[in-house]
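Here is the structure we will look at, set down as C-alpha cells.
All chains are named by letter (A, B, ...) in the order of the sequence lines, taking the proteins before the strands, and each is independently numbered beginning at 1.
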Amino acid sequence: MPLNLFDTLSRTSRVIAPLDGKTLRFYCCGPTVYGPAHIGNFRTFVAQDVFRRVIEQGGLTTLHVRNLTDVDDKTIRDSQKAGQTLTDFTQHWTTKFHADCAALNLLPPHVEPSAVAHIPHQIRMIEKLIEGGHAYATPDGSVYFKVSSFADYGRLSHLEDRELKLGASSTASATDSDEYTKDSLADFALWKGKKADDGPNHWPSPWGDGRPGWHLECSAMSLEYLGEDFDVHGGGVDLIFPHHENEIAQSCCATHGKFAHHWFHVTHLLVDGGKMSKSLGNLYTLEQLGERGYTPVEVRYVLISGHYRTPLSFTLHSLDSARQALQKLAKFDKALREVTSLSGVISGTTPGPFAGAWETLSDDLNVPGALGDIFGIINKTKPASLTPDEAKVTLEGFHFLLYALGLQLPSLVEEATADVPADIAELAEKRWQAKQSKDWATADVLRKELEAAGWIIKDNKDGYQVLRK
RNA sequence: GGCGAGGUAGCAAAGUGGUAAUGCACUGGUCUGCAAAACCGGUAUGCGCGGGUUCAAUUCCCGCCCUCGCCUCCA
C-alpha cells in the first residue's frame, strides 16, 4: 500500500514514490546541539521516524540524512560561555542527543553530517551563487543571498510580499548592526564575516575569515548526500520560513535541480496552550520526565498519539494515559504468545487482521486513527479462542504495526516485581496470615500500610503477589 | 496587518453528506471477606456560533467568534 503524504508546497496529499524508482531519499533538519533537545523537538524526529518505518515496511529502501547543526550563533555563544571549545561543547550535546534518540527507539539516519565538517562544501556553493549573480560579498567579509534574483522566492511559505511584513516583525530592523550592509532587508547571510565575540570560531574563505550562515548548511549537505533533486525534505513547521524558503532559493540557484520534491512539516507540540520552547522556559526533556518516573516509550506514545499536522496538547496526564494504553497492548501480546508458544522478537511481514490499521496509517500517516483501529481489533479478538495458527497470524500482524509505529512493548506490571524489600515482604506475609485467620480488620490495616509504602497486594486462591504500585 | 493550523464527550484524539473510532478517566456486573487485578458491559441526540445549500450537515458554502504557530537564523 503506497503512502500518501501531505506536501506543504503543493498543499495536497501526494503518493510517495522514489524519484529514481528504488530508494526514497529524504533530508531532515537536525538539532542544533547547544543544549538538551526537548520533547517538542522530538515530536518532529519521532514523526519522521514513523514516516521512515512506514516507507520501509511498505517495501522501499530509504536514504535518510539528518544533519547536526554544530556551528551557529547559539553554539558559538554558549560554548564560550561554558569555557569549552566549540567541538567539545557540541560533542557533549550530540552524545546526549543520540542517547535520547536511542531511548525513543528512533532509527539512526544513514548519514548524519556535521555542519562544521562541510564548510568547504558550503564555500563552493557560495562561489557558484556569486558566479550566477545570486549573491554578493560585503565589505565586512560577509556574503548575502540576493533574494530578488530568485523569482520563486516565497512559494513554500506563501510570504511573497516581503515588504508588507517587514514592519510587523519585532526583531527585524533596518538598523540591525549585524545587517546594515545588506542591499535589501530581505537578503540573508550565506557567510558571516568574523566578529570579535566569535572567539576562535572562524574559518578561512575567499571573502576572509568567518563562518557559514545557518541556512546554507542544509543545502550543502543535502546536495552532497542526496543530489540536486531528492524526494522529501522534512522539519518542524517553524522552519518553513525562513529556513526552508531560503534553502530552496540557495539550492535552486546553485544547481540545475529542483531540490526537494516533497515537503513534510510537523506541527508543534503544545504545552500550557502554547509552543514549547527554550526561550519560554516551558520545556520538558526526556531526562526530566524520567525523573518523574515516565519511560521513553510512554513519551513516544504520547508524541505519536496526535496527527502530525494537528497541534498536540502535552500533559503529564497524557503520559499516564499512554502507560495504560501500552499495558493494554502488552497484555494482548502476552495472551497471543501464550496461544502460539512464540517468544522473542516477532517480525511480521504483513498486517494480517490489522490491514485496516495499516491502510489508515498509509493515509497521511494517520497514527491516532491507526491506533484506534488497532484497539478496535484487540477489543474484538479473544486470543484464547484462536487456533495457534490464527494467533500466529494475528501476532505477526500486530507486530508489523508496532514496528511501523516504533513501539516497543513494556513488560507487564505484574511481571515487574523482581525485588521486594524484606520489610515489605514481612508486612505482606503478616497480612496474609491475618487474612487466613479471617481477621479482616488487621489485614486491611496492613494492606493500607503497604499501599502507603508504594506496594499493592494481589490475592489469588492459594497465595498473593506483592507489586509495585 | 499578512500567511497558516485548529476549535468533536471530564481529559486526549480520529472520522464521516445519512445520524459520532479509540485511549485515559468514570461507572454497572462477574470474581473477592472487602479490595486490587482480570474479564464482560455502560457512558457525546452531539461535533465553536449564526445563516445557507440538501430529502438529510458535525461533515459542503458564506459570515462571525475564540485559540495557537510563523512573519529573518525556534522542531
Take atom [atom1] of [X] and atom [atom2] of [N], then tell me their distance rounded to the nearest Å.
X: A:Lys74; N: B:C73; atom1: NZ; atom2: C1'; answer: 7 Å
X: A:Glu247; N: B:C73; atom1: CD; atom2: P; answer: 15 Å
X: A:Trp432; N: B:A35; atom1: CH2; atom2: P; answer: 17 Å
X: A:Leu326; N: B:U22; atom1: CG; atom2: P; answer: 18 Å
X: A:Lys458; N: B:A37; atom1: NZ; atom2: P; answer: 9 Å
X: A:Lys334; N: B:A38; atom1: NZ; atom2: P; answer: 11 Å
X: A:Leu270; N: B:A75; atom1: CG; atom2: P; answer: 16 Å
X: A:Leu269; N: B:C74; atom1: CG; atom2: C1'; answer: 14 Å

Distance check: side-chain N/O of [X] vs OP1/OP2 of [N], anything under 4.0 Å?
X: A:Lys331; N: B:C39; result: no
X: A:Lys382; N: B:C40; result: yes
X: A:Lys275; N: B:C70; result: yes
X: A:Asn366; N: B:A21; result: no
X: A:Lys328; N: B:G23; result: yes

Separation between the [atom1] atoms of [N] and [M], rounded to whole Å:
N: B:A9; M: B:C71; atom1: C1'; value: 37 Å
N: B:G46; M: B:A57; atom1: P; value: 14 Å
N: B:A35; M: B:U58; atom1: P; value: 44 Å
N: B:C49; M: B:C65; atom1: C1'; value: 7 Å
N: B:C11; M: B:A44; atom1: P; value: 15 Å
N: B:U32; M: B:A14; atom1: P; value: 42 Å
N: B:C24; M: B:C60; atom1: C1'; value: 34 Å
N: B:G23; M: B:U8; atom1: C1'; value: 15 Å

Heavy-atom closest pair, residues A:Ala370 and A:Ala357: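 Closest approach of A:Ala370 to A:Ala357, heavy atoms only: CB-O, 3.6 Å.
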Within 45° of the axis and under 6.0 Å from the centre of the six-membered ring of A:Tyr403, does NZ or CZ of A:Arg53 qualify?
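A:Arg53 over A:Tyr403 ring: yes.
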| Taking the six-membered ring of A:Phe45, is the NZ or CZ of A:Arg66 close enough (under 6.0 Å from the centre) and on axis enough (within 45°)? |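 The answer is yes, since A:Arg66 meets both limits relative to A:Phe45.
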Give the nucleotide from the list [options] with an atom nearest to the side chain of [X].
X: A:Ala325; options: B:C34, B:G23, B:C70; result: B:G23
X: A:Val237; options: B:G69, B:A25, B:C34; result: B:G69
X: A:Ile456; options: B:A36, B:C73, B:C74; result: B:A36

Who is the Watson-Crick or G-U wobble partner of [N], with both distances under 3.5 Å?
N: B:U67; answer: B:A5
N: B:G28; answer: B:C40
N: B:C73; answer: none
N: B:C11; answer: B:G23
N: B:U45; answer: none

Is a donor on one side and an acceptor on the other found under 3.5 Å between the side chain of A:Ser437 and the backbone of A:Asp439?
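Judged by distance alone, no pair lies under 3.5 Å.
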Parallel, tilted or perpendicular: rings of [Y] and [X] (30°, 60°):
X: A:His265; Y: A:His244; answer: tilted
X: A:Phe264; Y: A:Phe51; answer: tilted
X: A:Phe26; Y: A:His64; answer: parallel
X: A:Trp207; Y: A:Trp191; answer: tilted
X: A:His233; Y: A:Trp263; answer: parallel

Describe the nucleic acid contact of [X] in one word from base, sugar-phosphate, nothing, applying a heavy-atom distance below 4.0 Å.
X: A:Gly236; result: sugar-phosphate
X: A:Asp72; result: nothing
X: A:His243; result: nothing

Distances for protein N or O near nucleotides 5-13 of chain B N or O, under 3.5 Å:
residue, atom, partner, partner atom, Å
B:A13, OP1, A:Ser313, N, 3.2

| query | Side chains of A:Asn67 and A:Tyr27: do they bring a donor and an acceptor to under 3.5 Å? | reply |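 The criterion, which ignores hydrogens and geometry beyond distance, is satisfied for A:Tyr27 and A:Asn67.
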Quick one: does A:Arg447 reach the base of B:A36 with a side-chain donor-acceptor pair under 3.5 Å?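 Answer no: no donor N or O sits under 3.5 Å from an acceptor.
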Discussion item. Counting distance alone, no hydrogens or angles: does the base of B:G41 have a donor or acceptor under 3.5 Å from a partner atom on the side chain of A:Asn379?
Written reply: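 Flag unset: no donor-acceptor pair detected.
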Need to verify one output field. Residue with the more 5' nearest nucleotide on RNA chain B, A:Tyr308 or A:Gly30?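 By nearest-heavy-atom nucleotide position, the 5'-most residue is A:Tyr308.
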Exercise for review: Please figure out whether A:Gly376 or A:Ile39 has its closest RNA chain B nucleotide nearer the 5' end.
Suggested key: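 Residue closer to the 5' terminus by nearest nucleotide: A:Gly376.
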